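Everything on this sheet refers to the single structure shown next.
For clarity, every value in this text was computed on a predicted model and none was experimentally measured. These values consider heavy atoms only, across backbone and side chains, with no hydrogens, waters or symmetry-generated copies.
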Amino acid sequence: MKFSLVILAFTLLSSCSTYDLTYNKKIPYTSTGFALIYNENDYQNKIVSSKFDPNIPVLAHNILPTGKLIKIMNPKNNKFVVLKNKKKIKYPSFYKIMITPALQKKLDLNVDFPFVDLEVLKKNKSFIAKKATTFNEEKNIFGKVPVEKVQINNLSQDNIVNSQKKYVFSILIAEFYSKKTANFLKKRLIEDSSNFTSKNLSIYTNKKNNYQVLSGPYKSINLIKNDYIELEKLGFEDLNIKIK
């Protein structure tokens, strides 16, 4: 059943409205999910393939090439940083990116649920990528001005307040134009898959011709990780995580 469901998943995903299986240099890369916060044990235990200084704000990706300009944002407070990808490294596929503790603090990410939005930006000589950091008071400006034309200097991170709000997450399995197709995938996952144990699936839509197949909600990162890995085994790649 696993083999036939993999074929089904590949066929269905090829008709998705916004789903990308691989990074294409001509298509802007965007993704949402959890960041792996680096520590020395990760390197010692070969969880990540390279060593980093935890005191320096750094990010590294497992697909994007070295030097790519990446915008990483904490969607809970809209703080974001733009940095060049330090290097292409290996880390568990559940995570969308690896960041150092210094970068986690800059973004004021919850260490238990380091949920982030990622976007690849175009390079521009007038853009100071190394120190590009934006907080709440600057976000309105960037909504009106093209990012390629803005020069950002290092900004203060005083008065950062850690949020204690509870987090609830869902796995975005796929998006479709047709509600019928979304329901078909949901039915196959619930009834015909012996490998995917979660039965808590739903269809969500907030606009015409866009139907999302979701698994969840989850209140534990370990539960998310377990289902994420099971879905990967069925052939789903680069799954995104939604937050509520």
Any side-chain heavy-atom pair of [X] and [Y] under 4.5 Å:
X	Y	result
Ser93	Glu232	yes
Pro217	Asn200	yes
Asn206	Gln212	no
Leu172	Tyr204	no
Tyr43	Tyr38	yes
Leu83	Ile72	no

What's the spacing between [X] [atom1] and [Y] [atom2] if we round to 0.5 Å?
X	Y	atom1	atom2	value
Leu239	Ser31	CG	OG	9.5 Å
Leu103	Lys86	CG	NZ	13.0 Å
Leu59	Leu36	CG	CG	12.5 Å
Leu214	Lys242	CG	NZ	5.5 Å
Thr30	Asp117	OG1	CG	9.0 Å
Gln104	Asn110	CD	CG	8.5 Å

Donor-acceptor check, side chain of [X] to backbone of [Y], threshold 3.5 angstrom: yes or no?
X	Y	result
Thr100	Val58	yes
Asn240	Thr32	yes
Tyr91	His61	no
Asn85	Leu64	yes
Asn39	Asn41	yes

Q | Test salt bridge (charged side-chain N to carboxylate O under 4.0 Å, His left out) applied to Lys219 - qualifying residues, sequence neighbours left out | A |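 Applying salt bridge (charged side-chain N to carboxylate O under 4.0 Å, His left out) to Lys219 gives none.
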Please list, chain by chain and in numerical order, all residues satisfying side-chain hydrogen bond (donor to acceptor under 3.5 Å, both in side chains) with Ser170, sequence neighbours excluded.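 With sequence neighbours excluded, Ser170 shows a side-chain hydrogen bond (donor to acceptor under 3.5 Å, both in side chains) to no residue whatsoever.
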Could you report the tightest heavy-atom contact between [X] and [Y], atom names first, then the distance?
X	Y	value
Val213	Ala182	CG2-O, 3.7 Å
Ile97	Ala60	CG1-O, 3.2 Å
Lys87	Ser50	CD-OG, 3.3 Å
Ala102	Pro57	CB-N, 3.6 Å
Glu175	Asn210	OE1-ND2, 3.0 Å

With sequence neighbours excluded, tell me which residues meet side-chain contact (heavy atoms from CB on, under 4.5 Å) with Asn226.
->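 Per chain and number, Asn226 pairs via side-chain contact (heavy atoms from CB on, under 4.5 Å) with no residue.
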I'd like to check the side-chain contact (heavy atoms from CB on, under 4.5 Å) partners of Lys71; sequence neighbours left out, ordered by chain and number.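 Listed in chain order: Phe80, Val82, Glu119, Leu121.
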Self-check item: side-chain contact (heavy atoms from CB on, under 4.5 Å) between Asn78 and Met73, worked out
Solution: CA-CA 6 Å; Asn78 291 320; Met73 183 176 75; 4.1 Å; yes
- [ ] Go through the steps to decide whether Ile171 and Tyr218 satisfy the test side-chain contact (heavy atoms from CB on, under 4.5 Å), and finish with yes or no.
- [x] CA-CA 9 Å; Ile171 301 175; Tyr218 304 93; 3.8 Å; yes
Check your understanding: With sequence neighbours excluded, what pairs up with Phe34 under the ring-ring contact (aromatic ring centres under 6.0 Å, His included) test?
Key ->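 Scan of Phe34 (ring-ring contact (aromatic ring centres under 6.0 Å, His included), adjacent residues dropped) gives Phe94, Phe115, Phe169.
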Would a hydrophobic clustering, with Ile, Leu, Val, Met, Phe, Trp and Tyr connected at side-chain separations under 4.5 Å, put Leu223 with Phe113?
->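 Yes; tracing contacts between hydrophobic side chains, which count when under 4.5 Å, links both residues.
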Say whether Phe176 and Ile203 are linked into one hydrophobic cluster, either directly or through other cluster members, by side-chain heavy-atom distances under 4.5 angstrom.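 Cluster IDs for Phe176 and Ile203 match.
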Start with the C-alpha distance between Val116 and Leu109, add both sets of side-chain angles, then the distance that settles side-chain contact (heavy atoms from CB on, under 4.5 Å), and finish with yes or no.
CA-CA 8 Å; Val116 296; Leu109 284 169; 3.7 Å; yes
Heavy-atom count check: over 12 atoms from other residues, nucleotides or ligands less than 6.0 Å from Lys186 NZ?
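Atom NZ in Lys186 is packed in, count exceeds 12.
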| query | Among pairs that include at least one residue of residues 46-65, which meet salt bridge (charged side-chain N to carboxylate O under 4.0 Å, His left out), considering only residues two or more places apart or in two chains? | reply |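 Those involving residues 46-65 are Glu40-Lys51.
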With no hydrogens and no angle check, do the side chains of Lys225 and Tyr95 hold a donor and an acceptor under 3.5 Å apart?
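Judged by distance alone, the side chains do pair up.
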